Amino acid sequence: MTQKSFSSVFLASLKSARFVFVLTGAGMSAESGLPTFRGVDGYWQNHRVQDLASPQGFARDPLTVWRWYNERIRAYSGAQPNAGHYAPAQLEALVPDMTIATQTVDSLHARAGSKNVLELHGHLREARCTGCGVTLPLANGLDESLIDHSCGERFRPQVVWFGESLPQDVWSRAESAAARADVILVVGTSAQVYPAAALALQNDRAFIAEINPDATGLSDRCDCVIREGAAVALPAIVELLRL
Ligand code: APR
């Protein structure tokens, strides 16, 4: 992508920005070979993803929920950050203050070197007992024999499920970073899940750019839309900032 691929106002806004806020979703990891949520028509085997990723689904069938997460954990550990992950890590060094708020739980932003990452929907690096709070590392998933804890409760993944609140400290940090942003990049999210999607809408002063091959519910609210994949657009933006 060349300078002509981007609006001059966008590049000027980014070059002069003091605060940059980046909201990312599953599309960030598409080029790492990880399927997006809505790209797999919302089903895993014959289960609706929204049922598996819910307290009710876990209470009803913890074994199936863990089998779904164990498959994702194995996919995540085999995946590598892509150029779209490395670019924000480089962008952090080019702007005074940058925050990434991600809806992904694959840890690929951190593995690419990003320092200031807010995991809005949690992560899959460890499981937590719902009774006593003890945690277990999830490097290779959770052995099915360990789901029930000796305290009488169960281990669950450290992710935010449908119907659950986001971690308060993470949410308030994301809200203040979005509110003070001069430029907001919305990358690889269908913007269908709130409150995460609202982060890009609460600041009417910022220049908002969407990077997504497809249109989303946020597209009309953006100052520019870049219909390209994250692994192509983000490195091109970083290169142009360096000029
Ligand atoms: N680069 C950028 N965007 C891409 C790419 C790519 N290479 N490939 C796909 N996309 C876009 C898709 O067009 C889509 O708009 O990424 C978006 C992925 O959307 P979803 O699958 O809905 O994922 P996401 O927005 O992260 O979902 C939000 O929903 O299921 C819950 O908790 C889950 O965090 C997730 C939340």
Side-chain angles (χ1 to χ4, degrees), residues 1 5-6 22-44 47-58 65 68-69 71-73 75-76 79-88 91 100-109 112 117-125 156-167 170-171 174 184-201 208-222 224-238:
M1 295 179 82
S5 314
F6 301 98
V22 186
L23 174 65
T24 73
M28 276 301 307
S29 305
E31 280 141 312
S32 293
L34 298 176
T36 62
F37 277 91
R38 286 152 191 87
V40 291
D41 68 41
Y43 279 81
W44 176 73
H47 303 280
R48 273 188 356 133
V49 161
Q50 283 196 265
D51 292 339
L52 294 171
S54 72
Q56 300 76 6
F58 183 68
V65 172
W68 176 51
Y69 279 106
E71 187 177 284
R72 290 174 63 194
I73 290 165
Y76 292 172
Q80 295 305 320
N82 65 63
H85 291 106
Y86 289 109
L91 188 59
I100 295 176
T102 188
Q103 300 168 88
T104 62
V105 296
D106 56 31
S107 307
L108 289 180
H109 278 301
V117 181
L118 299 173
E119 294 175 312
L120 299 170
H121 294 168
H123 57 81
L124 282 174
R125 295 184 295 275
R156 60 165 284 175
Q158 288 271 50
V159 294
V160 179
W161 279 332
F162 285 101
E164 294 186 321
S165 311
L166 277 61
V170 170
W171 177 248
I184 295 177
L185 302 180
V186 182
V187 190
T189 179
S190 62
Q192 291 184 32
V193 172
Y194 283 75
L199 287 168
L201 299 174
I208 307 176
E210 178 178 70
I211 297 171
N212 191 325
D214 304 322
T216 73
L218 282 187
S219 301
D220 295 345
R221 307 286 296 274
C222 293
C224 83
V225 291
I226 300 159
R227 288 284 171 255
E228 186 55 78
V232 172
L234 286 171
I237 289 166
V238 171

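Start at 1 and go down the list; that is how both ligands and their atoms are numbered. Small disclaimer: the values here were computed from a predicted structure and weren't measured.
With a 4.0 Å cut-off on non-hydrogen atoms, Val193 touches ligand 1 through its side chain and not its backbone. Heavy atoms of Gln103 found under 4.0 angstrom from ligand 1 belong to the backbone as well as the side chain.
Ligand 1 places these atoms under 4.0 Å from at least one heavy atom of Gly229: 1 (N), 6 (C), 7 (N).
For a threshold of 3.5 Å applied to N or O pairs, the pair formed by Glu31 and ligand 1 contains at least one separation below that value. Backbone and side-chain nitrogen or oxygen atoms of Glu228 are examined, and none is located within less than 3.5 angstrom of a nitrogen or oxygen of ligand 1.
Here atom 23 (O) of ligand 1 lies nearest to Ala26 when heavy atoms of Ala26, Ser32, Ala196 are compared. The option from Ser219, Ala30, Pro213, Gly25 that lies nearest to atom 4 (C) of ligand 1, judged by heavy atoms, is Pro213.
Counted by atom type alone, Ser219 and Arg227 present one or more donor-acceptor pairs between their side chains at under 3.5 Å.
Ring pair His109/His85 is perpendicular by interplanar angle, where above 60° counts as perpendicular and below 30° as parallel.
The local environment of CZ in Arg221 is sparse, with at most 12 non-hydrogen atoms from other residues, nucleotides or ligands closer than 6.0 Å.
Rounding to the nearest 0.5 angstrom, the gap separating the OG1 atom in Thr104 from the CG atom in Leu34 is 9.5 Å.
Because its NZ or CZ atom is not both nearer than 6.0 Å to the ring centre of Trp44 and within 45° of the ring axis, Arg72 does not count as a cation-pi partner of that residue.
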